[in-house]
There are 2 protein chains.
Amino acid sequence: MRELLRTKGYKMTPQRELIFRAFLEAGEHVSVEDLYQRVREIDSSIGYSTVWRSLKLICTVGLAKEVNLGDGVTRYERITLQPHGHLYCLQCKTLTEFEMANIVSLLEPIARTYRFQVEGLKCEIHGLCEECRKRNQNTDSTGLTH
Amino acid sequence: MRELLRTKGYKMTPQRELIFRAFLEAGEHVSVEDLYQRVREIDSSIGYSTVWRSLKLICTVGLAKEVNLGDGVTRYERITLQPHGHLYCLQCKTLTEFEMANIVSLLEPIARTYRFQVEGLKCEIHGLCEECRKRNQNTDSTGLTH
DNA sequence: GGCCAAATGAAATCGAATTTCACTTTCAAT
DNA sequence: ATTGAAAGTGAAATTCGATTTCATTTGGCC
């Protein structure tokens, strides 16, 4: 880790050490706020902006990327070898990943058709997860709250 | 239009008349700011919040939906019969649509596998469009500015 | 015409993201 | 080990789009 940073001209610090570890140990898809809370349980002197900057840095060195779902909160997820899409529950905000290699092989020809240089592919299914649907049946019948 | 609103309990007003028309005449993918500028060229007394509320209303009555690309600006696009994905140029921010019926037929089984009730499907290709790539060759060699 | 819920516009507020700034720390070159 | 320049830190301030508030006006049904 220290090496990875150094080769790109960044310094290792105790804060980064802690934040990077917390990020890797956290499940997928943490927001700055999520990680900030986790980190401050261990060292409450670490500032929000340091966590924010560290997450940006983690992205810069290629270990993670931002995920934006349109709910106003940016999440960060580790970059994985195989491309995946997201099932996003509009109610509980839970993210589930699904394999999308087969979809990628459809998207790439499309990009080629439009002479587009691909930097990233994204596939999302927004809706209601099984748990939320069950929960809704026991309470109201509308499904969504807004 | 007036009827569509009335049946859902909304009133038609001169402002809405103008904003709705401007939205339909505008190309796809306008932001609130975009539409506000267009509208105020015709009637500069119309407020930003009215434009914002009208776009929300257009979504509510089912004529448009929000598109979020992670660049901090919400765009609105007319709902079309056939599902489409977006080619999003990270440099000039231009959106191009592509047909994705074949991808939808891959996504639906996935949703079913996860017992997910689908509310919306999204497919995006982020990258550089042909124009921007050409433009970059004539200036710098890095490609992206940040 | 008259009512009254809905709509409007300006300004205020919200909240996440990002920047500023004074101070501290890292680390490569002594 | 020392040190100085560059990078990093934390608190607070700022930014900026989205959203709400509120006093006032308006649409459309009686």
Side-chain angles (χ1 to χ4, degrees), chain A residues 1-20 22-23 29-37 39-61 64-76 93 145-146, chain B residues 1-20 22-23 29-37 39-61 64-76 93 145-146:
Chain A
M1 195 65 235
R2 184 181 216 88
E3 281 314 297
L4 172 59
L5 285 183
R6 203 163 48 105
T7 59
K8 305 213 177 185
Y10 300 106
K11 294 173 180 173
M12 180 47 87
T13 67
Q15 291 93 336
R16 282 180 179 172
E17 173 94 39
L18 173 53
I19 295 169
F20 283 29
F23 174 71
H29 316 124
V30 292
S31 65
V32 178
E33 187 62 33
D34 289 340
L35 195 58
Y36 176 56
Q37 293 306 333
V39 160
R40 87 179 348 252
E41 280 175 18
I42 302 168
D43 180 348
S44 64
S45 72
I46 292 182
Y48 179 92
S49 35
T50 300
V51 175
W52 179 80
R53 283 184 286 230
S54 294
L55 277 171
K56 287 287 187 186
L57 181 59
I58 291 172
C59 292
T60 300
V61 299
K65 64 176 181 178
E66 301 191 351
V67 181
N68 208 299
L69 296 155
D71 64 356
V73 186
T74 301
R75 271 160 263 245
Y76 296 81
K93 315 292 185 194
T145 43
H146 45 279
Chain B
M1 194 66 233
R2 183 179 217 90
E3 282 313 297
L4 173 59
L5 284 183
R6 203 163 49 103
T7 57
K8 305 214 177 186
Y10 301 104
K11 294 174 180 173
M12 180 46 88
T13 67
Q15 291 92 338
R16 282 179 180 171
E17 174 94 39
L18 172 53
I19 295 169
F20 283 28
F23 174 71
H29 316 125
V30 291
S31 65
V32 178
E33 188 62 34
D34 290 338
L35 194 58
Y36 176 57
Q37 293 307 334
V39 160
R40 87 180 348 252
E41 279 175 19
I42 302 168
D43 179 348
S44 64
S45 71
I46 292 182
Y48 179 92
S49 35
T50 300
V51 175
W52 179 80
R53 283 185 285 230
S54 294
L55 276 170
K56 287 286 187 186
L57 181 59
I58 292 172
C59 291
T60 300
V61 300
K65 64 176 181 178
E66 301 190 350
V67 182
N68 206 298
L69 297 156
D71 64 356
V73 186
T74 301
R75 271 159 263 244
Y76 296 80
K93 314 292 185 194
T145 43
H146 45 280

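Protein chains get the first letters and strands the later ones, always in sequence-line order, with residue 1 at the start of each.
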Trainee: Quick one: closest heavy-atom pair of A/Ser31 and A/Val73, and the distance?
Mentor: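 Shortest heavy-atom separation between A/Ser31 and A/Val73 comes out as CB-CG1, 3.6 Å.
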Trainee: For DNA chain C, note the earliest and the latest nucleotide, 5' to 3', having some atom under 4.0 Å of a heavy atom belonging to chain A.
Mentor: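 Going 5' to 3' along DNA chain C, contacts run C/dA16 to C/dA28.
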Trainee: Please write out each protein N/O paired with an N/O of nucleotides 1-4 of chain D under 3.5 Å, distance rounded to 0.1 Å.
Mentor:
none

Trainee: Take B/Val61 and B/Leu5 through the side-chain contact (heavy atoms from CB on, under 4.5 Å) test and state the conclusion after the steps.
Mentor: CA-CA 8 Å; B/Val61 300; B/Leu5 284 183; 4.1 Å; yes
Trainee: What heavy-atom pair brings A/Asp43 and A/Ser45 nearest, and what distance separates the two atoms?
Mentor: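 Distance-wise, the nearest heavy atoms are OD1-OG, 2.7 Å.
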Trainee: What residues, two or more places apart in sequence or in another chain, satisfy side-chain contact (heavy atoms from CB on, under 4.5 Å) together with B/Thr50?
Mentor: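 Once residues adjacent in sequence are excluded, the partners of B/Thr50 under the side-chain contact (heavy atoms from CB on, under 4.5 Å) criterion are B/Gln15, B/Ile19, B/Ile46, B/Arg53, B/Ser54.
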Trainee: Output the rounded distance in Å from CG (A/Leu57) to C1' (D/dA7).
Mentor: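 The answer, rounded to whole Å, is 11 Å.
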Trainee: For the residue pair B/Ala22 and B/Val39, what are the closest heavy atoms and their distance?
Mentor: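 Between these two residues, the closest heavy atoms are CB-CG2, 3.9 Å.
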Trainee: May I ask you to evaluate whether A/Arg16 reaches the phosphate of D/dA7, defined as a side-chain N or O under 4.0 Å from OP1 or OP2?
Mentor: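 A/Arg16 to D/dA7 OP1/OP2: no side-chain N or O under 4.0 Å.
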Trainee: Are any protein N/O atoms closer than 3.5 Å to N/O atoms in nucleotides 14-19 of chain D? If there are, list each pair with its distance.
Mentor:
| residue | atom | partner | partner atom | Å |
| --- | --- | --- | --- | --- |
| D/dA18 | OP1 | B/Thr74 | N | 3.0 |
| D/dA18 | OP1 | B/Thr74 | OG1 | 3.1 |
| D/dT19 | OP2 | B/Trp52 | NE1 | 3.2 |
| D/dT19 | OP2 | B/Lys56 | NZ | 3.2 |

Trainee: Determine whether B/Met12 and B/Glu17 satisfy the following criterion, side-chain contact (heavy atoms from CB on, under 4.5 Å), listing intermediate values before the conclusion.
Mentor: CA-CA 7 Å; B/Met12 180 46 88; B/Glu17 174 94 39; 4.2 Å; yes
Trainee: Can you name the closest pair of heavy atoms from B/Glu66 and B/Lys56 and give their distance?
Mentor: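 Shortest heavy-atom contact: OE2-NZ, 2.6 Å.
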Trainee: Could you list the residues that satisfy side chain to side chain donor-acceptor pair (under 3.5 Å) with B/Ser49, not counting sequence neighbours?
Mentor: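 Once residues adjacent in sequence are excluded, B/Ser49 has no partner under the side chain to side chain donor-acceptor pair (under 3.5 Å) criterion.
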Trainee: Can a donor-acceptor pair be found, under 3.5 Å and without considering hydrogens, that links the side chain of A/Ser44 to the backbone of A/Arg40?
Mentor: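 Not at all, since once roles are kept as given, no pair shorter than 3.5 Å links the two residues.
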Trainee: Under the side-chain hydrogen bond (donor to acceptor under 3.5 Å, both in side chains) rule, what do A/Glu41 and A/Gln37 come out as? Steps first, then yes or no, please.
Mentor: CA-CA 6 Å; A/Glu41 280 175 18; A/Gln37 293 306 333; over 6 Å; no
Trainee: At 4.0 Å (heavy atoms only), tell me whether A/Ser45 reaches a base, stays on the sugar-phosphate, or touches nothing.
Mentor: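 If one applies the 4.0 Å heavy-atom cut-off, A/Ser45 turns out to touch the sugar-phosphate alone, with no base involved.
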Trainee: Would you call B/Tyr76 and B/Leu35 a side-chain contact if the rule is heavy atoms closer than 4.5 Å?
Mentor: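 Sidechains of B/Leu35 and B/Tyr76: no contact.
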Trainee: Tell me the closest heavy-atom pair linking B/Arg75 and B/His29, and the distance in Å.
Mentor: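 Minimum heavy-atom contact is CG-O, 3.6 Å.
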Trainee: Can you give me the N/O atom pairs linking the protein to nucleotides 24-26 of chain D at distances under 3.5 Å, or say none if there are none?
Mentor:
none

Trainee: Which atom pair, heavy atoms only, marks the closest approach of B/Phe23 to B/Ala64?
Mentor: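 So the two residues come closest at CZ-CB, 3.7 Å.
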Trainee: If you go through the side-chain atoms of A/Arg53, does one of them form a donor-acceptor pair with the base of D/dG10 closer than 3.5 Å?
Mentor: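 When only heavy-atom distances are counted, A/Arg53 does reach the base of D/dG10 through a donor-acceptor pair under 3.5 Å.
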